[in-house]
*Asks:* 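Sharing a structure below in structure tokens format, with a few things to ask.
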Amino acid sequence: MERFRRLLTEPLVLASLAILVLLGVGEFLSPGFARGGQIARILTVSAILGLVSAGQALVVIGGREGIDLSVGALISLGALVAGNVMSGENGAIFSAILAAGGLAFVIGLVNGMGVTLVRIPPLVMTLGMMGVIQGGLVVLSRGIPSGNAAPALMTFINRPLVFGLPGVLFVWALVALAMWFILRRTALGYAIYAMGANERAARLCGVRTGLVRTLLYGLSGLMAGLTGVCVIGYTGNSFISVGDQYVLPSVIAVVIGGVSLAGGTGGYFGVVLGAIALTLLQSVLTTLQLEFWGRQLIFGAVLLGLMLLYGRTKRLRV
Amino acid sequence: MTAALTARSVQKRFGAAVALSNAALTLERGEVHALVGANGCGKSTLSKIIAGTVQRDSGDIVVNGAPLVLSSPAEAEANGISLFYQELSLIPQMSVEDNIFLGREPRNGAGFVDRKALAKKADALLQRFAPVAGRGLNSKARVSDLSPDQRQIVEIVKVLARDPDVVIFDEATAALDHRQVELFFRIIGEMKDKGVSFLFISHRLAEVFAVCDRITVMRNGESVDDFVTAETDMDTVVRAMVGDIAHDLDPAPSTDFTSASARLVVQGARGQRLQDVSFSLRPGEILGLGGLQGQGQSILLQSLFGAEPLTGGRVLIEGRPVVVRTPRAAVRHGFGYVSGDRGRDSALQGRSIFENMAIAEWVAERRRLVWPGRLQARLSEIAQSLNTKYPSLDAPIDALSGGNQQKVFIARWLATNPVVLLLDDPTKGIDLAAKADFFRLVRNLAAAGAAVLFYSSEDAELIGLCHRVLVFNSGRIVAELERAELTSFNLTGAAYGSAA
Ligand SMILES: Nc1ncnc2c1ncn2[C@@H]1O[C@H](COP(=O)(O)OP(=O)(O)OP(=O)(O)O)[C@@H](O)[C@H]1O
Ligand SMILES: [Mg+2]
């Protein structure tokens, strides 16, 4: 019994179970929900969420109350920049990725420096940055949607490439592989965990905690910028608040995946499952014709419920 | 008259690991009772069960003749039981007084916390330790600004503030120097006369024999022997603890270093609590830092390691001046640093034993890529040479007993093959046998050419291990004792010699 309970609170098990249950519920509510084409579409949306959650996961694992609330604004920024650089030209896709990713990376580094050098709490720093970017977007675009995706990018993200799966899924797989490699096969990865577990101890072992943490926020920015490119590829054109809807889900996906908000634990595989589970939940709620606010309510409740569940099992040990 | 507390055939498992198989003890009213045994034998687990922070699987605990079932520390406290936690339980961001009265703040008529009464009570309690408290320990100070010994004093005060009938001290003296310990024992004596009972856990047998009336010995989760202190001796107790021989520390071999040139030279070092510290250290030498607690020994070690700033002076390695501003630079210069404050400085909580051991090695060797499998064999060999008791390298560090954790952190630095090893009260919490193993490893390292700086709050360790000891007072070196002059008497004399 005890073991059964322990198993149930194991994040990976929980996320997998959630996926199965949601598939069943979806199929029950609207037959055809769990079919091939529909699954591919859900995976595509999951991939987009999964990409920003990768950066979010790194920041959270790094500890000291790490969180990046500016990812939503950075996605909007990435989409806008990419859309304007591309302006529908296939030839400009590469420069669009470079411009959107590069800009978001630099902004992420600024987040990181605010957190490490000025010691602004991450919540405040990234929230402030979110406001700055959103304001900047309004000023730059004068509120008028501009820029559109190149056809090749849209095909890559929306149309099946191999095995009926769109190209973006293979990008996601590559990112997952890279995340695994960084976290489990590089000294940097273990330094991130060490720092999340006990920053002072990590520093005393020779880890450059300030530098690593700054880099983590930079990477989170980079991933958000690239996600912005995918978002505009998914929808064709963008509006200035297109990224806002990703902020809360990126945090929830990380938590479902078993990354403690206190830092120092978890891996990306769980986050992948978390992103899929969350996207499924979103689809089910859409099937139920729940409005945006209704979905927001359920998402918030899921996050709090998870904190309750994991928080109980990970009580401070005395 | 009934005993204050009796524990009978207490059992506890953590998953597959058996922490207690048959623990038992009887604590009479107004006695100081020692609980001793090797690292990981179950002392802390038994204490936590008595204090309600860990639930037992089976067995009885009887308090004042009535069986006791506890489900929380608050219930234990209501029954007059108070525990001093080996891994301190203070909240670093809070003030000393708030920590002392955490959860039991005095209230005024309106039900609000009565800050004045709280401050007054805290001051009165701290006053008892005033002669040995050192700089900066007052009721308003933030706990994170305190030194390890000061935090230990606050934790003791926190326990005493609860007016307990039964007090368990789990390695409460590990960071205290002998002057602080003496005062602490005097306070215990006064309370004992008023009928308070104490369970006293320590790896320092001299202290056990100085303060305890009776001794219970545990081995592998089982209570194996009971002694009346006055009717036994240390050898007998040690034999009961380890099952066979006593581990004596053989005196350090006197080596002639005059030929070798200095590995580390410190000239006129100054820092926040250091004044004009100069010395040199040759390869193979084990140099002790002595004196009362908090006279600059730890600060010196941390400054050399780049964790605290030096404001003046020069440091030379192999004759070349170096500036070490970060621990990373120190590690790259071949320094290793073992802290005595493992919770704050060493433990990567929640991470595996393997990661906890390997992390410094990766930095020292400038690794970018790591293949976890590759280091396993070497690390487990080092851990085993310290007799570390652990289920597997993949188990989380938190599952180890306090002493076994400390062995992991020592192994962490031994693995880097340091050329200068800085030891900052490193034996805190490790048992006698492991201490002997550790000293042997340090000697071997020195014999292979490493230079060792060793601070200990225990004079016996300095005498047992060092070739030479620098005695500190108020951030300066006030005396230098050569091997031949290294006696407890001389160390104490020098420490007080020009004490402020
Ligand atoms: N939370 C836990 N999870 C798993 N195993 C544990 C846990 N706590 C303790 N143990 C195991 O129980 C045994 C007894 O540990 P305990 O902390 O009581 O030892 P101890 O006698 O206090 O040792 P020390 O002298 O090192 O402090 C050890 O083998 C330890 O590994
Ligand atoms: Mg213990």
Side-chain angles (χ1 to χ4, degrees), chain A residues 2-7 10-11 60-65 116 119 121 178 180-212 215 258-267 310-311 313-318, chain B residues 15 44 48 51 53-54 73 83 85-89 92 144 302 305-307 326-332 335-339 341-352 354-372 396-399 409 412-413 416:
Chain A
E2 168 68 24
R3 272 176 72 179
F4 183 68
R5 228 203 57 218
R6 189 112 35 92
L7 200 68
E10 190 61 45
V60 174
I61 293 172
R64 226 173 73 201
E65 274 127 48
T116 54
R119 293 204 147 248
W180 171 83
F181 186 79
I182 291 174
L183 288 175
R184 308 282 169 186
R185 286 293 178 270
T186 66
L188 174 70
Y190 285 102
I192 296 171
Y193 283 120
M195 198 169 92
N198 182 345
E199 178 163 23
R200 185 179 160 87
R203 214 170 66 81
L204 286 174
C205 288
V207 172
R208 283 173 292 191
T209 50
L211 192 75
V212 173
L215 181 70
V259 178
S260 152
L261 286 183
T265 57
Y310 294 161
T313 57
K314 288 205 192 102
R315 258 307 149 60
L316 257 185
R317 197 182 277 142
V318 261
Chain B
S44 296
K48 288 180 199 165
T53 34
V54 167
L83 168 61
Y85 289 95
Q86 179 180 11
E87 316 297 330
L88 303 186
S89 68
S144 56
Q302 289 172 24
F305 196 62
T326 61
R328 185 184 187 81
V331 174
R332 293 283 167 83
F335 283 64
Y337 171 76
V338 179
S339 166
D341 190 347
R342 56 177 169 270
R344 185 184 62 161
D345 295 344
S346 312
L348 305 175
Q349 292 91 356
R351 305 308 304 170
S352 70
F354 171 76
E355 284 178 54
N356 268 281
M357 268 201 268
I359 182 95
E361 161 103 353
W362 287 328
V363 173
E365 295 194 347
R366 296 162 191 270
R367 291 280 162 131
R368 295 250 185 282
L369 303 183
V370 300
W371 306 101
I397 187 80
D398 320 61
F409 306 134
R412 167 192 287 172
W413 291 106
T416 64

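Owing to the predicted nature of the structure, the values given are computational and were not obtained by experimental measurement. Below, chain A is the first sequence line, B the second, and so on; all start at residue 1.
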*Asks:* Under a 4.5 Å heavy-atom cut-off, does chain A meet the side chain of B/S346, its backbone, both or neither?
*Replies:* backbone
*Asks:* Measure the CZ-CG distance between B/R342 and A/N198 for me, rounded to the nearest 0.5 Å.
*Replies:* 13.5 Å
*Asks:* Which residue pairs satisfy the salt bridge (Lys or Arg N to Asp or Glu O under 4.0 Å) criterion with at least one member in residues 355-364 of chain B, sequence neighbours excluded?
*Replies:* B/R351-B/E355, B/E361-B/R378
*Asks:* Between CD1 of A/I182 and CG of B/L369, what distance do you get to the nearest 0.5 Å?
*Replies:* 11.0 Å
*Asks:* To check you understand the geometry: which heavy-atom pair defines the closest contact between A/L204 and B/W413, and what is its length?
*Replies:* O-CZ2, 3.3 Å
*Asks:* If I take atom CD from residue B/Q349 and atom OG1 from residue A/T265, how far apart are they, to the nearest 0.5 angstrom?
*Replies:* 12.5 Å
*Asks:* Over 60° means perpendicular and under 30° means parallel, so tell me whether A/Y190 and B/W362 are parallel, tilted or perpendicular.
*Replies:* tilted
*Asks:* Side chain, backbone, both or neither: which part of B/F409 has a heavy atom under 4.5 Å from chain A?
*Replies:* neither
*Asks:* Heavy-atom pairs under 4.5 Å with chain A - which of B/V363, B/V370, B/T326 has more of them than the others?
*Replies:* B/V370
*Asks:* Quick check: closest heavy atoms across A/A201 and B/A347, and the distance to 0.1 Å?
*Replies:* CB-O, 4.1 Å
*Asks:* Determine yes or no for a side-chain-to-main-chain donor-acceptor pair under 3.5 angstrom, with B/D345 supplying the side chain and A/R200 the backbone.
*Replies:* no
*Asks:* For B/V331, is it the side chain, the backbone, both or neither that has a heavy atom under 4.5 Å from a heavy atom of chain A?
*Replies:* side chain
*Asks:* Considering only residues two or more places apart or on different chains, which pairs with a residue in residues 181-194 of chain A satisfy salt bridge (Lys or Arg N to Asp or Glu O under 4.0 Å)?
*Replies:* none
*Asks:* Side chain, backbone, both or neither: which part of B/R332 has a heavy atom under 4.5 Å from chain A?
*Replies:* neither
*Asks:* Restricting to non-hydrogen atoms, name the atom on B/I359 and the atom on A/C205 that form the minimum distance, rounded to 0.1 Å.
*Replies:* CG2-SG, 3.6 Å
